Chemist: 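Sharing a structure, written as structure tokens. Questions coming.
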Amino acid sequence: MDIINPATGVVFSTIKSDTKQTLNSKLENLRKGQKSWKKVTINNRLNCIKKFGKLIQENKFVLAQILTSETGKPLQQSLNEILGAQNRIDHLSQYAEKWLEPEVLVDEGATLEHIKYEPLGVIANISAWNFPYNVGYNVFLYALVAGNSVLYKPSEFATLTGKQFETYLHLAGIPEDVFQCVIGDGSLGQHILEAEVDGYFFTGSHKTGSHIYQTVAPKMVPVQLELGGKDPLYVTEDVVDVKQAAINAAEGAFYNNGQSCCAIERIYIAERIYDEFVEAFTEEVKSYKIGDPNDLSTFIGSLTRAQQLGVLKDQVEDAVVKGATLLTGGSTIDGEGYYFEPTVLANCNHDMKVMIDESFGPIIGLQKVSSDEEATTLMLDTEYGLTSAVFSNNEERAIRILDNMNSGTVYWNCCDRVSPKVPWSGRKNSGLGSTLSSQGIRAFVQPKAYHLRMLS
Ligand code: NDP
């Protein structure tokens, strides 16, 4: 498989792909390895994960360069991701034992009722490229701590990073037959769907997620899907500082070049502050430094996938034809690499693709609203349900709106953030099941109920 640097368009590495045969032989080993791994104490499993975290932090500069070279993510943001993902390990260290230990529900009289949490077995983790540390850790670290073995398939756009996970997990003491990385594109992913696996944990697009769900349904094994979004933000007229709200909103929309599942993808602005907000927002976006992702001061690097350039161009053209005002950007950037100008479209409405379809790039649609009711209706007008945000000075008002949102996460005066303490889940086309929190640990085990009767 060729590994392309999206900032230059040049192939800089090649790596041998797995075949159906090597995949099945890895799965056979993982099946054997899991039998011993599930007997290792949780504390010892956690010790391996902690060591893994330490090794990753010790090597973060090299690892950040690898991530940047294959995804085009600005180096500072690669470093941020590697540093930030450590909070999953801290969370597991604090809570895993508590959430996995057997529970005694009834311990009196003749009948005792207990629950034990058993690992699922061998799980497949088919992952995405946009935040491979965050979304990878959410699955494979939690699965390993719960006593499963893991077949990890990185996205073909984050292959080298996936191989690093394998190297460092093994160095940290996770046996080779407990974690294996497989290399390949979607066709290898398809073989995984046909293989014997005890659970599928997928992060990626709704299209692939839905295909996976339907394909593996006859197996009757757990399936968890972390999918895309079209996340709305509503800015009310009572925000204290319109300029600061615009700066924060722009960061939520453009961080990682907009390639975040929970990036702000559409903004509704109260009419009283609309002009002021739009001006401050556009000014902020125009100030972003675009360029070489290896430069620590770059905020906008290249897109990861060349094909997304066409999607973004089409969304801009569609919006402009239907009456949107292009305030900045709108085109690909000439020269090497997959660059697209940070783009702001004002006067948008829901006839436009940019307000309905996932953009997954540096482009945003802004729309004026005249009431909370109108904002709520528009925010809910989507097939997705990952996150929704309100910027307002009035907590009660914001919570009232957020209570009506049909999304797994809601934000007041913040956005585009994830915490390991609370569940990460999508509704509707944004997914199924939860990672992180107690629920994200329990996702990797199956309960067994013990009814124990003392016979006198
Ligand atoms: P894709 O759906 O294109 O790919 C995801 C993974 O599935 C990749 O490893 C891919 O392999 C693999 N794959 C592709 N075809 C198949 C198949 N037929 N069977 C099995 N596996 C297959 O998504 P992207 O990688 O482009 O990720 C971007 C999407 O992920 C966005 O929609 C984003 O919103 C979403 N996302 C959601 C998150 C969440 O937490 N909700 C977090 C991060 C991203 P390959 O790449 O090698 O083709």
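Read the numbers this way: they start at 1 and go in the same order the structure lists the ligands and their atoms. Values reported hereafter were calculated over all heavy atoms of this structure, with side chains retained and with hydrogens, waters and symmetry mates removed. Note that the structure is predicted; figures quoted are calculated from it, not measured.
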Chemist: Going by an N to O cut-off under 4.0 Å, is there a salt bridge joining Lys289 and Asp295?
Modeler: yes
Chemist: Mind checking whether Phe202 has an N or O less than 3.5 Å away from an N or O of ligand 1?
Modeler: no
Chemist: What residue and atom, counting heavy atoms only, is the protein's closest point to atom 42 (C) of ligand 1, and at what distance?
Modeler: Cys261 SG, 3.1 Å
Chemist: Atom 32 (O) of ligand 1: which protein heavy atom is closest, and how many Å away?
Modeler: Glu358 OE1, 2.8 Å
Chemist: Cation-pi check, Lys73 to Phe131: give yes when NZ or CZ is under 6.0 Å from the six-membered ring centre and within 45° of the ring axis, no otherwise.
Modeler: yes
Chemist: Any N/O of His206 closer than 3.5 Å to an N/O of ligand 1?
Modeler: no
Chemist: Check contact between Ser127 and ligand 1, using heavy atoms of the residue and a distance below 4.0 angstrom.
Modeler: yes
Chemist: Parallel under 30°, tilted from 30 to 60°, perpendicular over 60°: which one fits the rings of Tyr133 and Tyr137?
Modeler: perpendicular
Chemist: Check Lys163 with Glu166, please: is the shortest side-chain N to carboxylate O separation under 4.0 Å?
Modeler: yes
Chemist: Salt bridge check: are Glu383 and Lys428 linked by an N-O gap of less than 4.0 Å?
Modeler: no
Chemist: Fit a plane to each ring of Tyr288 and Phe299, take the angle between them on a 0 to 90° scale, and name the class: parallel (under 30°), tilted (30 to 60°) or perpendicular (over 60°).
Modeler: tilted
Chemist: With under 30° as parallel and over 60° as perpendicular, where do the rings of Tyr152 and Phe140 fit, or are they tilted in between?
Modeler: perpendicular
Chemist: For the residue pair Phe52 and Phe165, does the interplanar ring angle fall in the parallel (under 30°), tilted (30 to 60°) or perpendicular (over 60°) class?
Modeler: perpendicular
Chemist: Can you report which non-hydrogen protein atom sits closest to atom 40 (O) of ligand 1, along with the distance?
Modeler: Trp424 NE1, 2.9 Å
Chemist: Under 3.5 Å between any N/O of Ser260 and any N/O of ligand 1: does that happen in this structure?
Modeler: no
Chemist: Please indicate whether any nitrogen or oxygen in Asn130 is less than 3.5 Å from any nitrogen or oxygen in ligand 1.
Modeler: no
Chemist: I want to confirm something. Looking only at heavy atoms, which of Ser187, Ser205, Ala124 is nearest to atom 2 (O) of ligand 1?
Modeler: Ser205
Chemist: Among all protein heavy atoms, pick the one closest to atom 13 (N) of ligand 1 and tell me residue, atom and distance.
Modeler: Thr208 CG2, 3.7 Å
Chemist: Less than 4.0 angstrom from a charged side-chain N to a carboxylate O is my criterion; do Lys153 and Asp185 meet it?
Modeler: no
Chemist: When you compare ligand 1 with Ser430, is there at least one nitrogen or oxygen pair between them that comes in under 3.5 angstrom?
Modeler: no
Chemist: Does the cation-pi check pass for Arg417 over Tyr411, that is, NZ or CZ under 6.0 Å from the six-membered ring centre and within 45° of its axis?
Modeler: no
Chemist: Contact between ligand 1 and Gly184 is defined here as a heavy atom of the residue under 4.0 Å from a ligand atom; is it met?
Modeler: yes
Chemist: Does Ala128, backbone or side chain, put an N or O under 3.5 Å from an N or O of ligand 1?
Modeler: no
Chemist: Does Phe131 reach ligand 1, in the sense of a heavy atom lying below 4.0 Å from it?
Modeler: no
Chemist: Using a heavy-atom cut-off of under 4.0 Å, does the side chain or the backbone of Leu193 touch ligand 1, or both, or neither?
Modeler: side chain
Chemist: Is Thr203 in polar range of ligand 1, meaning some N or O pair under 3.5 Å apart?
Modeler: no
